[in-house]
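Okay, structure first, notes after.
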Amino acid sequence: MRRLFLVAALALLLFLTSAAEPRTASAQSVSEAGALMVQAGRYEAASRRELRKAAREHRLAAAAAKKAKKTRAPGARKRLRRSARKHRVRAALHRKRARRQRKRAARLRRRAAQLGQVRAALVRRPPIPLGTAIDWSELQADPALERLFLDHFGQMSPENELKLFALQPRQGVYNFYTADRMVDWALSHGKRVRGHTLVYGNQLPHWMTSRAWTRDELLAVMRDHIETVMRHFHGRVAEWDVVNEAVGSWGDGWVHNLWYDVIGPDYVDQAFRFARAADPDAQLFYNDYGTELPDHPKTVRARALVSHLVSAGVPIDGVGLESHVSNQFKADGFEVAETMRRFAAMGLDVAVTEMDVRTNGGGPLAAELDTQRTTFGGSARACRMEPRCTSFTTWGISDRYSWFEVPELAPLMFDASMVPKPAFWDVEDWVRKP
Ligand code: G3I
C-alpha cells in the first residue's frame, strides 16, 4: 500500500514538473537533441557489436584456412576451404552493417549539433510572420475564422482573389472591388499581405483560354496585367508571387500552360522584368510546389530555372516553397533547411508559402497528429533558422475550410471545430518565441 502511494506521488510530481516546463522552441530543441544523441549512441553500440562479430568471423575464416592447408584428405580440405569462404563472407556482411550503423549515428550527431545551434539562431533572428491563405467569403461568413486569423496570424495571402481570373474578368476590364476590401481590411488590422499570384497557368479566364494568341499579343496581356495590378497595390502588397508553378518534374521540365506554349520559356524572365518595372519596391518571388526536398528532380529543375534567372540578371528576390505535403512526406526539417540554404546561397530570400500536411496515413489519430506536428514544426524551424527565410504561411486556417474539401485529410493547424492541433503549438513556438 505504502509503495503504491509512493509511486502515485512520484507520478503526480513528474506530471506537475513537466506541465510547468516552458514549451519553448529552444527547450524543445534541447530535449530533441538529447534524444538524437541517445539514438546515435545506440547505433554506435550496434556498430561496435557488428565489428566484434566481423572480427570473430575473420578469426574463424583464418583458422579454417590454416587447417585446410595442413589437411591431406582432399574431402576435408574442400570442406575447410568452403567454411573459410563462408566465414569471410559473414565477416564482410558484419563490417558492412557496422559501416551503416556508424553512418546513421554520424547523421544523427550532425542533426543534434544543428539543434544545438537553435538557441543562438533564435536569439539572432527576430520572430518571422506567420501567414495564412484567406478566402474572403469564408472569412466574412464565419466570425470564429476571423477571430483565429486576427489572434494568431500576422500575414494574409488572398487564396484566389488576386488571381488573374478574379482581377481581370474581361480583357482590359479590371475589378478590384473584393481584393481592395480584403487587402485594406488586413492592413487596417496591422497584417502584411502576400500577393498571390500574377502569372499562373491555372484559373485563367475564359477570354484568355477561348482564343488563339501570338507571342506579342500574350506578352502585351502579361505586361498590362502586371503593371495594372502591381501599381494598383503599390505600397499595400509588399511581396508578389510573380510566376507560379512553371516547373515540371518530368519531360522537358516545364509546365505546358498557355504562357509557356505561346511565349516560350522566357515568359518567366519577361514576367519578372515587367514586375520590377511596375513596382520597384515590391519583393518578387518565384513560387512552386514539390520543391521542398533538396535533391528531388523538381527541386533540381526549379534551382536550375532560378539560377538561370539570377545569372541572366532577371530581377528576382525570392523563392516560395509551397509545401503541400502529407504525413508520408519523406523529408524532415533538416532537408527543408538544406533546400532553403541552397536558394539562399544564390542571394535569394525564401519563404514557406502554402503549407498544409495531409494526415491520410490511416494510423491512430494521436500518431497522425504527431507526425503532422513534426512535419509542420520541421519546416517552421527551418524557416526560423534560415536567415533568408522571410515568412511561414499555411494554406488556410481550419480543416473546415481546406481547399482539399476531404474532411479525413485534415491538413491544417486548427481542426474543423476551430481547436488548435499539436502542429499549431509547434509552429507558433518556432516562428514567434525567443
Ligand atoms: O469561381 C468559381 C465560382 O464562380 C463558383 O461559384 C465556385 C463554386 O465552387 O467555384 C469557383 O471556383 C473555384 C476557385 O477556386 C475560385 O474560388 C473552384 O471551384 C476551385 O476549384 C478553385 O480552387 C482553388 C485552386 O487553387 C484552383 O487551382 C483553391 O481554392 C485554391 O486554394 C488553390 O490554390 C492553389 C494556389 O493558388 C497555388 N498552389 C496550389 C494551391 C492549391 O491547389
Side-chain angles (χ1 to χ4, degrees), residues 131-142 145 149 153 155-170 173-179 181-183 193-210 225 229 237 239-249 254-260 268 271 284-292 298-299 302 305 318-326 329 350-358 360 376 379 391-407 409-414:
T132 180
I134 291 286
D135 176 292
W136 186 236
S137 52
E138 284 166 3
L139 191 89
Q140 283 190 306
D142 190 339
L145 190 68
F149 174 72
F153 295 84
Q155 178 174 286
M156 174 184 83
S157 299
E159 190 172 346
N160 291 295
E161 294 79 354
L162 294 182
K163 289 174 181 170
L164 200 154
F165 81 97
L167 295 182
Q168 198 182 167
R170 284 189 289 140
V173 180
Y174 288 84
N175 178 355
F176 290 113
Y177 181 72
T178 305
R181 287 172 69 203
M182 208 172 171
V183 168
V193 181
R194 278 202 95 242
H196 176 79
T197 169
L198 294 163
V199 177
Y200 186 20
N202 290 352
Q203 292 175 289
L204 292 175
H206 189 247
W207 64 264
M208 286 188 76
T209 53
S210 58
H225 184 77
V229 172
V237 175
E239 144 182 346
W240 283 95
D241 290 331
V242 176
V243 177
N244 211 52
E245 300 171 14
V247 174
S249 319
W254 288 93
V255 172
H256 286 243
N257 58 36
L258 183 69
W259 304 107
Y260 177 85
V268 178
L284 311 181
F285 275 69
Y286 172 73
N287 190 48
D288 213 332
Y289 66 88
T291 49
E292 297 79 27
K298 180 152 176 187
T299 316
L305 168 65
V319 176
L321 308 180
E322 290 189 9
S323 311
H324 294 288
V325 299
S326 77
F329 185 48
V350 286
V352 174
T353 53
E354 306 187 10
M355 190 152 189
D356 46 27
V357 183
R358 304 184 293 283
N360 50 351
F376 263 117
S379 287
S391 62
F392 180 90
T393 295
T394 60
W395 207 238
I397 297 176
S398 153
D399 291 336
R400 189 186 297 179
Y401 298 109
S402 161
W403 68 280
F404 283 110
E405 295 176 4
V406 180
L409 297 184
L412 292 168
M413 301 196 301
F414 289 80

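Small disclaimer: the values here were computed from a predicted structure and weren't measured. Ligands are counted one by one from 1 in listed order, and the atoms in each one are counted from 1 as well.
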*May I ask you to identify the nearest protein heavy atom to atom 40 (C) of ligand 1, giving residue, atom name and distance to one decimal place in Å?*
Glu354 OE1, 3.2 Å
*Could you tell me whether Tyr200 approaches ligand 1 through its side chain, its backbone, both or neither, with non-hydrogen atoms closer than 4.0 Å?*
side chain
*Indicate yes or no for a side-chain donor-acceptor contact from Thr132 to the backbone of Gly396 under 3.5 Å, with no hydrogens or angles considered.*
yes
*So, the side chain of Glu161 versus the backbone of Trp136: is there a donor-acceptor pair under 3.5 Å, distance only?*
yes
*Protein heavy atom under 4.0 angstrom of atom 16 (C) of ligand 1, is there one?*
yes
*Quick check: does any side chain N or O of Asp399 sit under 3.5 Å from a backbone N or O of Leu412, one acting as donor and the other as acceptor?*
yes
*In the protein, what heavy atom is nearest to atom 1 (O) of ligand 1, and what distance, to one decimal place, separates them?*
Phe165 CE1, 4.1 Å
_For Gly201, is there any backbone N or O sitting under 3.5 Å from a side-chain donor or acceptor partner on Tyr260?_
no
_Heavy-atom protein contact below 4.0 Å for atom 26 (O) of ligand 1_ = yes
*Of the protein's non-hydrogen atoms, which lies at the shortest distance from atom 24 (C) of ligand 1, and what is that distance?*
Asn160 OD1, 3.6 Å
*Protein heavy atom under 4.0 angstrom of atom 3 (C) of ligand 1, is there one?*
no
*Sub-4.0 Å atoms of ligand 1 with respect to non-hydrogen atoms of Glu159*: 29 (C), 30 (O), 31 (C), 32 (O)
*Please work out whether any backbone atom (N, CA, C, O) or any side-chain heavy atom from C-beta onward of Asn244 is under 4.0 Å from ligand 1, and answer side chain, backbone, both or neither.*
side chain
*For atom 33 (C) of ligand 1, find the nearest protein heavy atom and state the residue, atom name and distance (0.1 Å precision).*
Lys163 NZ, 3.8 Å
_Minimum distance, heavy atoms only, to atom 34 (O) of ligand 1: which one of Tyr401, Trp136, Trp395 is it?_
Trp395
*Look at atom 21 (O) of ligand 1 and say whether a protein heavy atom is found at less than 4.0 angstrom from it.*
no
*Taking Ser323 for its side chain and Leu321 for its backbone only, find out whether a donor-acceptor pair lies under 3.5 Å.*
yes
*May I ask whether atom 29 (C) of ligand 1 is less than 4.0 Å from at least one protein heavy atom?*
yes
*Specify the closest pair of heavy atoms between Ala166 and Asn160, including all atoms of both residues, with the distance to one decimal.*
CB-O, 3.6 Å
*With side chains defined as the heavy atoms from C-beta onward, is the minimum distance between Ser379 and Glu292 less than 4.5 Å?*
no
*Per-atom contacts of ligand 1 with His196, taking only distances under 4.0 Å to non-hydrogen atoms*: 36 (C), 37 (O), 38 (C)
*Report yes if the side chains of Leu204 and Trp259 come closer than 4.5 Å at any heavy-atom pair, otherwise no.*
yes
*Is any heavy atom of the protein nearer than 4.0 Å to atom 6 (O) of ligand 1?*
no
*Counting only heavy atoms on the protein side, is anything nearer than 4.0 Å to atom 38 (C) of ligand 1?*
yes
*Provide, to 0.1 Å, the distance between atom 23 (O) of ligand 1 and the closest protein heavy atom, together with that atom's residue and name.*
Gln203 NE2, 4.3 Å
*Pro158: which of Val193, Ile134, Asp135 passes side-chain contact (heavy atoms from CB on, under 4.5 Å)*: Val193
*Between CZ of Arg400 and CG of Leu145, what distance do you get to the nearest 0.5 Å?*
8.5 Å
*So, does Trp207 use its side chain to make a donor-acceptor pair with the main chain of Gln168 at under 3.5 Å?*
yes
*Counting only heavy atoms on the protein side, is anything nearer than 4.0 Å to atom 43 (O) of ligand 1?*
yes
